[in-house]
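Scroll down for the structure; my scribbles are underneath it.
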Amino acid sequence: QVTLAESGGGLVQAGGSLRLSCKFSGRTFDSYSMGWFRQAAGMNREYLASISATGADTWYKDYVKGRFTVSRVNSRNTVYLQMNSLKPEDTAVYYCAASYGSSHLKLANNYDYWGAGTQVTVSS
């Protein structure tokens, strides 16, 4: 059974930065592609970024390209989301997710495991 635990959320002013971490446990981390999603109050969960199992490939939603960076350290079983130039509209609960074998990483249904989420609040 895979467990994912996000950390690093909090309150930040507009223009600031945060780095989210997601610790993976329970299976072989470098067999899973990883993704980051977020869900604002009253909104659907939306895709942000994903990274292949080896870390060689990354993909981003256009809206966050250039502001957010996804990375992973397989020896630490951890995936990261560096978020810069944060805006109030980035306020949401941020989730990491793990996918075994899917190549369609922008779709939430293609992920097998999810973390509980971490709150990010950006003040204006």
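In this text the structure is predicted, and so the values were computed from the model without any measurement.
- In plain terms, the two heavy atoms of Trp59 and Leu105 that are nearest each other are CZ3-CD1, 3.7 Å.
- For the pair Glu6 (side chain) and Cys96 (backbone), a donor-acceptor distance under 3.5 Å is present.
- A salt bridge does not link Asp90 to Lys87: none of the charged side-chain nitrogens sits closer than 4.0 Å to a carboxylate oxygen.
- At a threshold of 4.5 Å between non-hydrogen side-chain atoms, the residues Arg38 and Tyr95 do not count as touching.
- Taking each heavy atom of Trp114 and Ala108 in turn, the nearest pair found is CZ2-O, 3.6 Å.
- Counting only distance, with no hydrogens or angles, the side chain of Thr69 and the backbone of Gln82 share no donor-acceptor pair below 3.5 Å.
- Scanning both residues, Leu107 and Phe37, for their nearest heavy atoms gives C-CZ, 4.3 Å.
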Could you walk me through whether Gln1 and Tyr113 pass the side-chain contact (heavy atoms from CB on, under 4.5 Å) test, one step at a time? CA-CA 9 Å; Gln1 181 69 21; Tyr113 302 100; 3.8 Å; yes
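- Figure legend: Arg45 and Tyr47 shown without cation-pi pairing, the cationic atom not lying both under 6.0 angstrom from the six-membered ring centre and within 45 degrees of its axis.
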Side-chain donor/acceptor pairs under 3.5 Å, residues 10-30, sequence neighbours excluded:
residue : atom : partner : partner atom : Å
Ser17   : OG   : Asn84   : OD1          : 2.9
Lys23   : NZ   : Arg76   : O            : 2.7

Determine whether Leu48 and Tyr94 satisfy the following criterion, side-chain contact (heavy atoms from CB on, under 4.5 Å), listing intermediate values before the conclusion. CA-CA 9 Å; Leu48 297 174; Tyr94 283 68; 3.4 Å; yes
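- Using a 4.5 Å cut-off between side-chain heavy atoms of Ile, Leu, Val, Met, Phe, Trp and Tyr, with links allowed through other members, Ile51 and Val2 fall into the same hydrophobic cluster.
- Cluster membership for Val70 and Tyr80, using ILVMFWY side-chain heavy atoms within less than 4.5 angstrom, is not shared.
- The line from CG of Asn110 to OG of Ser33 is 10.5 Å long, rounded to the nearest 0.5 Å.
- Among residues two or more places apart in sequence or in another chain, the side chain to side chain contact (heavy atoms under 4.5 Å, CB included) test is passed with Tyr100 by Ser31, Tyr32, Asp112.
- The backbone N or O of Val122 sits less than 3.5 Å from a side-chain atom of Thr91, completing a donor-acceptor pair.
- Considering all non-hydrogen atoms of both residues, Tyr60 and Ala49 come closest at CD2-CB, 3.6 Å.
- Judged by distance alone, the side chain of Arg72 and the main-chain N or O of Ser52 form a donor-acceptor pair under 3.5 Å.
- To the nearest 0.5 Å, atoms CE (Met34) and OG1 (Thr58) are separated by 14.5 Å.
- Considering all non-hydrogen atoms of both residues, Gln39 and Met43 come closest at NE2-O, 3.0 Å.
- In the hydrophobic clustering of this structure, Trp36 groups with Tyr63; members are Ile, Leu, Val, Met, Phe, Trp, Tyr whose side-chain heavy atoms approach within less than 4.5 Å, directly or through other members.
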